[in-house]
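Down below is the structure, laid out as structure tokens.
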Amino acid sequence: RFRLASRFAIIQPKCVWDAILEEKPYPVKMLFLISSNPVITRANAKEVYRALEKVEFMAVADFFLTPTAELADIVLPAATWLEMDYIGDFWKRHGYILPRRKVIQVGECRSDHEILNDLAHRIGQGQYWWDDFEQALDYILHPMGITWNDFKKMNYIRGDVKYYKYKQGGFSTPTRKFELYSTTLEKMGYDPLPQHREPPESPVSAPELYKEYPYILITGARPPGFFHTENRQVPRLRELHRDPIVEIHPDAAAKEGIKEGDWVIIESRRGKVRQRAKLALGRDPRIVAAQHAWWFPENKDPGHGWDESNINILTDNALEGCDPAMGASNIRTLLCKISPERKEGQP
């Protein structure tokens with residue numbers, strides 16, 4: 001019996017935002033986001049925000065009211081791993097699977113799997129799913145000849161460990177060899193060998209833009225204790241990191257009139273945000289490194305300061321700048337300028 005639940009399609013998010021905003025090639029009128037905060041995590045955040053404001057109906061399942069959830073028509077309370085039965089780690093390579101047994105029910109929280117399974121029945125696709133989610137767990141365990149009721153009484157299961165399998169059957173590639181030269185990419189018409197390509201915005205690829213935006217901005221810095229946009233609402237973790245930090249070389253800071261701890265404005269062609277400066281040696285003076293995924297849960301307005309320090313306001317999601325094979329947006333490297341924040345009344 002074919003299971004729709006095991007099939008996924010992946011699309012570049014920019015295509016969805018365009019379809020909402022421009023209604024081409026057809027309008028997208030409904031979104032269902034699960035534990036996702038694209039207003040903060042996706043490139044060109046202002047465009048993302050416009051799209052989520054415009055879409056006719058949006059549901060979000062999450063633990064907290066993030067800036068994205070605040071835009072939703074319906075917010076569904078998601079279950080944590082302690083509030084659901086599940087098979088832990090069955091997708092990993094170490095061979096262990098473990099029963100994650102539900103230990104508590106909090107309010108109306110439900111797991112993503114339960115929500116999707118029931119939704120399928122509501123929209124007339126129930127024949128491709130299960131009567132209840134426990135049947136889905138049985139389906140996963142079926143090749144071992146056990147059910148979820150059997151498995152949840154165990155501590156773990158580990159399959160037979162076999163070393164040096166490649167000596168008998170080779171590697172799991174078309175050539176059965178270890179491939180640095182990807183014959184799969186070659187067959188698809190892409191470059192089969194990894195190589196450096198200049199990003200769309202760099203001193204080499206955009207020298208005129210570099211004159212106006214003379215710093216190379218990297219945006220992947222993540223302070224310990226946070227995971228993407230998560231945990232900023234946890235007081236103990238937030239005490240460790242009160243403010244978003246941008247690291248800048250002392251020589252560049254002196255050139256721009258920036259001192260340790262100053263609030264600064266970081267600007268690209270797409271917008272500007274503020275973060276607090278930290279002087280840091282050990283990097284090229286042309287490079288500044290900003291922290292990722294900042295919003296402010298303590299800010300009680302519905303946006304929670306989504307556009308104050310969110311570095312993805314500066315990043316670009318133009319399709320022509322995406323990786324041609326993987327479709328990833330160019331969010332790690334771009335050109336920017338940086339300056340001290342001017343207080344009201346200052347020249």
Side-chain angles (χ1 to χ4, degrees), residues 1-13 15-16 19-20 26 28-38 41 52 55-66 68-69 71-160 172 227-228 230 327:
R1 186 177 176 187
F2 171 70
R3 294 296 183 183
L4 189 65
S6 64
R7 297 299 179 101
F8 295 90
I10 298 174
I11 188 171
Q12 223 288 340
C15 299
V16 179
I20 294 170
Y26 49 80
V28 170
K29 297 186 178 183
M30 191 277 285
L31 294 174
F32 181 22
L33 303 177
I34 298 176
S35 300
S36 178
N37 193 6
T41 60
L52 299 189
V55 72
E56 289 186 18
F57 179 83
M58 183 168 73
V60 171
D62 213 325
F63 308 131
F64 302 99
L65 283 173
T66 66
T68 297
L71 292 171
D73 298 282
I74 294 176
V75 179
L76 303 174
T80 67
W81 64 280
L82 292 170
E83 300 168 78
M84 57 186 285
D85 288 325
Y86 200 59
I87 301 168
D89 292 354
F90 72 90
W91 54 274
K92 292 183 179 177
R93 298 287 183 142
H94 50 50
Y96 287 95
I97 60 171
L98 308 95
R100 289 185 179 174
R101 307 172 190 90
K102 180 175 178 176
V103 296
I104 191 171
Q105 175 67 47
V106 178
E108 296 182 290
C109 293
R110 302 185 73 202
S111 72
D112 306 338
H113 315 94
E114 291 175 298
I115 293 171
L116 290 171
N117 196 71
D118 286 1
L119 180 61
H121 289 275
R122 299 284 186 95
I123 62 174
Q125 298 293 321
Q127 70 269 30
Y128 301 114
W129 293 65
W130 293 272
D131 295 334
D132 59 61
F133 186 63
E134 185 174 323
Q135 291 182 1
L137 299 177
D138 291 343
Y139 180 81
I140 295 170
L141 295 166
H142 179 72
M144 290 189 294
I146 62 174
T147 66
W148 170 251
N149 270 327
D150 301 323
F151 186 47
K152 69 182 182 181
K153 299 170 188 174
M154 306 176 185
N155 291 325
Y156 66 87
I157 292 176
R158 192 185 192 194
D160 294 335
S172 56
F227 179 75
H228 293 307
E230 296 178 16

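All figures in this text were calculated on a predicted structure; none of them were measured in a lab. Residue numbers start at 1 and run along the sequence shown. Values below: every heavy atom of this structure, side chains too, minus hydrogens, waters and symmetry copies.
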By side chain to side chain donor-acceptor pair (under 3.5 Å), which residues pair with Gln12, not counting sequence neighbours? Ser329
Begin from the C-alpha positions of His228 and Asn37 and carry the test side chain to side chain contact (heavy atoms under 4.5 Å, CB included) through to its verdict. CA-CA 9 Å; His228 293 307; Asn37 193 6; over 6 Å; no
Spacing of CG belonging to Leu137 relative to CZ belonging to Arg100, to within rounding of 0.5 Å: 12.0 Å
Using a cut-off of 6.0 Å, state whether more than 12 heavy atoms not belonging to Tyr156 lie near its atom OH. no
Got a sec: does the CZ of Arg122 have more than 12 other heavy atoms crowding it under 6.0 Å? no
Atom pair CG (Asp118) and CG (Asp131), whose distance is rounded to the nearest 0.5 Å: 10.5 Å
Approximate separation, where rounding is to 0.5 Å, of Asp138 CG and Trp130 CH2: 10.5 Å
Do you know which two heavy atoms are closest between Ala69 and Val75, and how far apart they sit? O-CG2, 3.5 Å
For Gln125 and Gln127, indicate whether the former's side chain and the latter's backbone hold a donor-acceptor pair under 3.5 Å. no
Heavy-atom pair with the smallest gap, counting every atom of Asn155 and Pro99: O-CD, 3.3 Å
Please report the interatomic distance CG(Leu52) to CE(Met58), rounded to the nearest 0.5 Å. 4.5 Å
Ala61 and Ala78: which non-hydrogen atoms are nearest, and at how many Å? C-CB, 4.2 Å
Kindly write out the residues that satisfy salt bridge (Lys or Arg N to Asp or Glu O under 4.0 Å) with Asp150, not counting sequence neighbours, or none if the list is empty. none
Check the pair Ile97, Ile140 against side chain to side chain contact (heavy atoms under 4.5 Å, CB included), reporting the backbone distance first and the verdict last. CA-CA 11 Å; Ile97 60 171; Ile140 295 170; over 6 Å; no
dist Phe64:CZ -> Glu230:CD (nearest 0.5 Å) comes out at 8.5 Å
Taking all non-hydrogen atoms of both residues, which atom of Met154 and which atom of Ile146 are closest, and how far apart? CE-CD1, 4.2 Å
Within 6.0 angstrom of His142 NE2, more than 12 heavy atoms from elsewhere: no
Which is it for Ile34 and Ile115 under the side chain to side chain contact (heavy atoms under 4.5 Å, CB included) test, yes or no, and what are the steps along the way? CA-CA 10 Å; Ile34 298 176; Ile115 293 171; over 6 Å; no
Tell me the closest heavy-atom pair linking Ala79 and Ser111, and the distance in Å. CB-N, 3.6 Å
Hey, could you give me the OH/CG distance between Tyr86 and Asp112, rounded to the nearest 0.5 Å? 9.5 Å
Check the surroundings of atom NZ in Lys102: do more than 12 heavy atoms from other residues, nucleotides or ligands lie under 6.0 Å from it? yes
Quick check: do Asp89 and His94 have side-chain heavy atoms less than 4.5 Å from each other? yes
Give me the atom names and distance for the closest heavy-atom approach of Asp85 to Phe133. O-CE2, 3.9 Å
Report the C-alpha separation of Thr68 and Asp62 in whole Å, then their side-chain angles, then the decisive distance to 0.1 Å, and conclude whether the side chain to side chain contact (heavy atoms under 4.5 Å, CB included) test is met. CA-CA 10 Å; Thr68 297; Asp62 213 325; over 6 Å; no
